[in-house]
**Q** 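Take this structure, written in structure tokens, and hold onto it; I'll ask about it next.
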Amino acid sequence: SLRDDLRELLAPPVVRWLLAASALRFLAGFALGVWVVPFYRGAFPDEIGAQFALLKASVNGVAGAASALGGGALADRLSAAEPR
């Protein structure tokens, strides 16, 4: 049954920690994304627009790439310590 499958899937503590961490990271990113535009619109009412959009996209792109590469490097390092 679905309940038994979910119970088996969530049995290892590492899976529960991974799901909790993913949820918190998503919520933090969403909160920041919702907050940053109104903040800068209020702080710089005459300057918001294309410059801000380009800056935000650049920061998101660089941070996203660094996060992906760093996470991949960490996963490679941790997996080498425990080959399966």
Side-chain angles (χ1 to χ4, degrees):
S1 73
L2 179 60
R3 182 175 292 197
D4 293 335
D5 291 341
L6 286 175
R7 189 173 291 131
E8 182 180 349
L9 179 67
L10 297 174
V14 68
V15 172
R16 293 192 305 266
W17 280 110
L18 183 61
L19 289 173
S22 297
L24 289 175
R25 194 265 176 241
F26 172 76
L27 290 173
F30 186 72
L32 187 61
V34 167
W35 169 81
V36 75
V37 174
F39 171 77
Y40 279 108
R41 187 176 293 142
F44 306 102
D46 298 331
E47 299 173 19
I48 196 76
Q51 291 175 340
F52 174 74
L54 182 60
L55 178 64
K56 185 174 183 317
S58 299
V59 168
N60 286 350
V62 170
S67 174
L69 292 173
L74 180 62
D76 288 345
R77 180 198 262 158
L78 293 175
S79 68
E82 187 181 329
R84 294 181 187 197

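As the structure is a prediction and not an experimental result, all values here were calculated from the model.
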**Q** Kindly determine whether L54 and S58 satisfy side-chain contact (heavy atoms from CB on, under 4.5 Å), including the steps that lead there.
**A** CA-CA 6 Å; L54 182 60; S58 299; 4.3 Å; yes
**Q** Could you list the residues that satisfy salt bridge (Lys or Arg N to Asp or Glu O under 4.0 Å) with R77, not counting sequence neighbours?
**A** none
**Q** In chain order, what residues pass the side chain to side chain contact (heavy atoms under 4.5 Å, CB included) check against V59, with sequence neighbours excluded?
**A**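 With neighbours one apart ignored, the set is L55.
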**Q** Output all residues satisfying side chain to side chain contact (heavy atoms under 4.5 Å, CB included) with P38, sequence neighbours left out; order by chain, then residue number.
**A**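 With sequence neighbours excluded, P38 shows a side chain to side chain contact (heavy atoms under 4.5 Å, CB included) to no residue whatsoever.
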**Q** Should side-chain heavy atoms under 4.5 Å link Ile, Leu, Val, Met, Phe, Trp and Tyr, which residues sit in the same cluster as L10?
**A**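 ILVMFWY cluster around L10 also holds V14, V15, L19.
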**Q** Does V62 sit in a hydrophobic cluster with other residues, and if so which ones, taking ILVMFWY side chains as linked at heavy-atom separations under 4.5 Å, directly or through other members?
**A** none
**Q** With D76, which residues qualify under side chain to side chain contact (heavy atoms under 4.5 Å, CB included), at least two apart?
**A**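 Testing D76 for side chain to side chain contact (heavy atoms under 4.5 Å, CB included), a comparison that skips the adjacent residues, returns none.
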**Q** Holding to ring pair (Phe, Tyr, Trp, His ring centres under 6.0 Å), I want the full list of residues that pass it with W35, two or more places apart in sequence or in another chain.
**A**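 W35 satisfies ring pair (Phe, Tyr, Trp, His ring centres under 6.0 Å) with F39 once adjacent residues are dropped.
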**Q** Can you measure from CG (L32) to CG (N60) and round to the nearest 0.5 angstrom?
**A**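 One finds 8.5 Å between CG of L32 and CG of N60.
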**Q** Checking the side chain of S79 only, and the main-chain atoms of A75 only, is there a donor and an acceptor separated by less than 3.5 Å?
**A** yes
**Q** Can you sort out the partners of S22 under side chain to side chain contact (heavy atoms under 4.5 Å, CB included), two or more places apart, ordered by chain and number?
**A**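 S22: side chain to side chain contact (heavy atoms under 4.5 Å, CB included) contacts with L18.
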**Q** Does a sphere of radius 6.0 Å around CZ in R25 hold more than 12 heavy atoms from other residues, nucleotides or ligands, not counting ones at 6.0 Å or beyond?
**A**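 No - once you tally the heavy atoms of other residues, nucleotides and ligands closer than 6.0 Å, there are 12 at most.
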**Q** Rest of the hydrophobic cluster containing F26 (Ile/Leu/Val/Met/Phe/Trp/Tyr, side-chain heavy atoms under 4.5 Å)?
**A**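 L27, all in the cluster of F26.
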**Q** Mind checking who shares a hydrophobic cluster with F30, ILVMFWY linked at side-chain heavy-atom distances under 4.5 Å?
**A**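 Same cluster as F30: V34.
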**Q** Mind checking what makes salt bridge (Lys or Arg N to Asp or Glu O under 4.0 Å) contact with D4, not counting sequence neighbours?
**A** R7
